[in-house]
Amino acid sequence: MSQIPRLPGLRLADADWLVSTALAVGAERGFPPLAIAVTDVGGAVITLRRSDGGMPMTSRLAVAKARSALLTLQRSGRIPLPGEIVDSIQHLYGGDYIPFAGGVLVTENGVIVGAAGASGAHATQDEEAVQTAVDRWHEDRAHVA
């Protein structure tokens, strides 16, 4: 039997590490319970976890924020758009576009390898949790290389 090829990008261990780290950052900084999602470059969820006490809707919002970063090729919430355009984009992408902070790209050597999204706190805190996790992931990988 031939081996099935693997798409380039994040591995499960990377996604798990990013989610665990982002949840820890949120807890350390006293943020409300967060949901954290990590997706591959196509927007498919690799890992999704919600803190105890987190609102159920935050899980879907975390995924949508990660996908929004992929759709815009930058952190979510960075493009100021009028409401009717946001509505159109949300309709076009089945609700997976969120015009608020909390979704960040995960890159490796300038290439997008996935995205991370958070929801549950203020949007800037959501972004802080996942961006800090991504920054630490880069630092951790720099020591390995």
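As the structure is a prediction and not an experimental result, all values here were calculated from the model.
A heavy-atom distance below 4.5 Å is not found between the side chains of Met55 and Pro33. Within the 4.5 Å cutoff, the side chain of Arg50 has heavy atoms near those of the Pro56 side chain. Side-chain contact between Ser59 and Leu48: present, with at least one pair of heavy atoms (C-beta onward) separated by less than 4.5 Å. Under the 4.5 Å side-chain criterion, counting only non-hydrogen atoms from C-beta, Thr21 is not in contact with Trp137. Inter-residue side-chain proximity for Ile36 and Arg49 is flagged as unmet; no heavy-atom pair is nearer than 4.5 Å. Counting heavy atoms from C-beta outward, Asp126 and Leu34 have side chains that approach closer than 4.5 Å.
Side-chain atoms of Ser76 come within 3.5 Å of backbone N or O of Gly102 as a donor-acceptor pair. Judged by distance alone, the side chain of Arg67 and the main-chain N or O of Gly43 form a donor-acceptor pair under 3.5 Å. At distances below 3.5 Å, not a single donor-acceptor pair connects side-chain atoms of Asp40 with backbone N or O atoms of Gly114. Not one N or O on the side chain of Thr58 forms a donor-acceptor pair closer than 3.5 Å with the backbone of Gly54. Between the Ser68 side chain and the Ile98 main chain, a donor and an acceptor come within less than 3.5 Å of each other. Of the possible donor and acceptor atoms, none in the side chain of Thr132 sits under 3.5 Å from a partner among the backbone N and O of Ala129. A donor-acceptor pair is defined here as one N or O able to donate and one able to accept, closer than 3.5 Å; such a pair exists between the side chain of Asp14 and the backbone of Arg11. In this structure, the side chain of Gln125 engages the main chain of His122 through a donor-acceptor pair within 3.5 Å.
Counting heavy-atom neighbours within 6.0 Å of Arg29 CZ, excluding the residue itself, gives a total above 12.
Taking hydrophobic clusters as Ile, Leu, Val, Met, Phe, Trp and Tyr residues chained together by side-chain heavy-atom distances below 4.5 Å, Val134 does not share a cluster with Leu73. Phe31 and Val130 fall within a single hydrophobic cluster, where Ile, Leu, Val, Met, Phe, Trp and Tyr side chains are chained together by heavy-atom contacts under 4.5 Å. One hydrophobic cluster holds both Val19 and Val113 under the rule that ILVMFWY side chains link at heavy-atom gaps under 4.5 Å. When hydrophobic clusters are built by joining Ile, Leu, Val, Met, Phe, Trp and Tyr residues whose side-chain heavy atoms come closer than 4.5 Å, directly or via intermediates, Val38 is not grouped with Leu105. Hydrophobic clustering (ILVMFWY, side-chain heavy atoms < 4.5 Å, transitive): Leu18 and Leu12 are in one cluster.
Summarising the geometry, atom CG belonging to Leu81 is positioned 5.0 Å from atom CD1 belonging to Ile89; distances are rounded to the nearest 0.5 Å. Arg60 CZ to Ser119 OG: the interatomic distance, rounded to the nearest 0.5 Å, is 12.5 Å. The distance from the CG atom of Leu23 to the OG atom of Ser51 is 4.5 Å, given to the nearest 0.5 Å. Rounded to the nearest 0.5 angstrom, Leu92 CG and Ile85 CD1 are separated by 12.5 Å.
Contact between Pro32 and Gly120 at its shortest, heavy atoms only, is CB-O, 3.5 Å.
Tested against Leu10 for a side-chain contact (heavy atoms from CB on, under 4.5 Å), the candidates Thr39, Thr47, Val106 yield a single pass: Val106. Looking at Gln74, Arg75, Lys65, Glu128 one by one, the single match for side-chain contact (heavy atoms from CB on, under 4.5 Å) with Val104 turns out to be Arg75.
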Show, in sequence, the C-alpha distance, side-chain angles and deciding distance for Val25 and Arg136, and conclude whether the side-chain contact (heavy atoms from CB on, under 4.5 Å) test is met. CA-CA 11 Å; Val25 167; Arg136 290 180 184 173; 3.4 Å; yes

Begin from the C-alpha positions of His138 and Thr107 and carry the test side-chain contact (heavy atoms from CB on, under 4.5 Å) through to its verdict. CA-CA 9 Å; His138 283 144; Thr107 61; 4.0 Å; yes

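Note on Glu108 versus Arg141: salt bridge recorded, some NZ/NE/NH1/NH2 to OD/OE distance being below 4.0 Å.
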